[in-house]
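Note sheet for the following structure.
One-based numbering, in listed order, for ligands and for the atoms of each. Each residue takes its place number in the sequence, starting with 1.
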Amino acid sequence: MNIAVLGAQWGDEGKGKIVDLLTPHFSLVARYQGGHNAGHTVYVEGRKFVLHLIPSGILHAGVRCLIGNGVVIDPEALFREVDELAAFGIEVGDRLVISDKAHLILPYHRELDVLSEARRGERKIGTTSRGIGPAYEDKIGRRGIRVCDLVDTPELAEAVRENVHARNQIIRDTRMDWQAVYEQLLAYGDRMRRWTADVSLLLDDAVRRGERVLIEGAQGTMLDIDHGTYPYVTSSNASIGGACTGLGIPPQAIHGVLGVAKAYLTRVGEGPLPTELHGAVGERLRETGQEYGASTGRPRRCGWFDAVAVRYAVRVNGINALALTKMDVLDGLPTVDICTGYSMGERTLDALPAEARTLAACTPVYESWPGWSQPTRGVTRFDDLPVEARRYVARLEEVTGVPMAIISTGSDRAETIIRRDTVAGHWFS
Ligand code: IMP
């Protein structure tokens with residue numbers, strides 16, 4: 001049984017912890033899109049690991065971690081991560097597999113990302129400045145350089161020459177030398193070669209042998225290039241379609257979809273966020289939840305749980321069950337609100353509009369629920385949650401239409417409620 005884990009909000013939902021929790025039941029973990037814009041934080045026995053590119057499954061001995069063709073790879077970031085893991089005593093060895101079809105993020109992509117943001121001025125996206133958008137632009141523009149291209153050939157030399165020339169036309173004050181970039185790419189290729197393979201074929205073989213694959217998404221559905229709050233999105237398909245195209249697997253190979261959502265919500269970067277809280281409650285969520293970007297350190301915008309957005313993610317992705325994270329961050333609040341619809345003048349919308357400007361003009365329609373004073377932190381059984389917290393979860397299940405199969409009550413692996421009586425119960429055995 002292969003399960004996909006993906007974000008049902010604007011990213012940073014806590015997918016890293018959930019993937020880490022599920023990994024012991026799988027032999028392969030496969031990441032399908034995004035790049036080192038992601039930051040998955042995992043705490044193991046009090047030690048904090050922040051992984052950007054390599055699936056957090058690498059922290060489990062014997063598990064193989066795959067990076068699919070849909071991911072864009074900055075070789076420097078990849079090597080840094082491999083070296084940091086080694087410093088912690090974790091050798092990736094042959095447990096890491098990188099698709100030969102994955103595209104590369106090169107130094108000029110980072111520069112172009114920063115430049116493009118500066119040019120947008122007021123309309124900037126608030127990207128992570130990692131070169132993600134420009135790398136995907138080259139991929140779609142059919143001039144990208146892939147992992148399999150990193151060999152000394154006239155084709156690679158020509159592609160690098162053309163790409164660096166195009167970059168030099170845009171950034172005129174610092175000219176880049178294409179030959180230096182070419183040499184650098186060959187060196188990258190030498191180091192990456194041992195990990196490179198046909199990930200689609202490898203997955204097909206593994207599935208035929210009955211091995212279980214955990215499919216991992218980055219960012220979240222509301223940041224999806226097609227289904228998110230365009231243009232305030234990332235440049236890849238974070239939603240379920242990205243799993244098929246980004247790994248080279250058919251839809252039949254995905255047997256269940258676990259969405260991950262925070263018990264409230266956050267967003268980092270620009271773009272509409274109807275339930276954003278600007279006052280003391282928002283500040284409190286940020287401080288209690290330590291809501292600062294794992295990749296960039298930027299403060300995250302915080303708001304109440306938006307059931308319209310999560311319901312949308314449930315529909316677009318076919319989510320069977322949700323993992324609700326950071327429940328403990330709501331401890332002690334007198335009331336907790338849930339947005340169940342958007343009001344637009346006379347009308348009430350119960351689905352996400354296509355245009356970011358319409359979403360920005362919406363006013364959330366809230367239900368207010370009593371909070372709980374008894375802490376949920378570290379609770380491992382649903383029945384041990386305060387009654388108000390149980391009621392809140394039950395209401396979230398009603399308004400999103402799916403069960404909350406996992407409830408996370410703290411950052412450690414152990415601080416988790418797993419509800420085996422839900423549809424997702426057998427995914428954990
Ligand atoms: P980019 O992916 O760097 O191009 O950034 C585009 C948008 O996606 C920005 O609003 C970023 O803040 C957001 N973003 C990208 N990666 C993540 C992530 O892992 N978590 C949350 N937001 C992200």
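The stretch residues 264-279 participates, sequence neighbours left out, in these salt bridge (charged side-chain N to carboxylate O under 4.0 Å, His left out) pairs: K124-E270, E276-R301.
Protein residues with a heavy atom under 4.0 Å from ligand 1 are W10, D12, N37, A38, I125, G126, T127, T128, Q219, L223, V233, T234, V268, G269, R298.
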Without placing hydrogens or testing angles, list every side-chain donor-acceptor pair under 3.5 Å for residues 239-256, not counting sequence neighbours.
from: S239; atom 1: OG; to: D224; atom 2: OD2; distance (Å): 2.7
from: T245; atom 1: OG1; to: G241; atom 2: O; distance (Å): 3.4
from: H255; atom 1: ND1; to: N2; atom 2: N; distance (Å): 2.8
from: H255; atom 1: NE2; to: Q252; atom 2: O; distance (Å): 3.2

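Side-chain contact annotation: E81 with H36, donor-acceptor N/O pair under 3.5 Å absent.
Across all their heavy atoms, M1 and F26 have their closest contact at O-CE2, 3.5 Å.
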Self-check item: R194 and D94: CA distance, side-chain angles, deciding distance, salt bridge (Lys or Arg N to Asp or Glu O under 4.0 Å) verdict
Solution: CA-CA 8 Å; R194 68 172 293 199; D94 294 329; 3.0 Å; yes

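Qualifying ring-ring contact (aromatic ring centres under 6.0 Å, His included) partners for Y292, counting only residues two or more places apart in sequence or in other chains: none.
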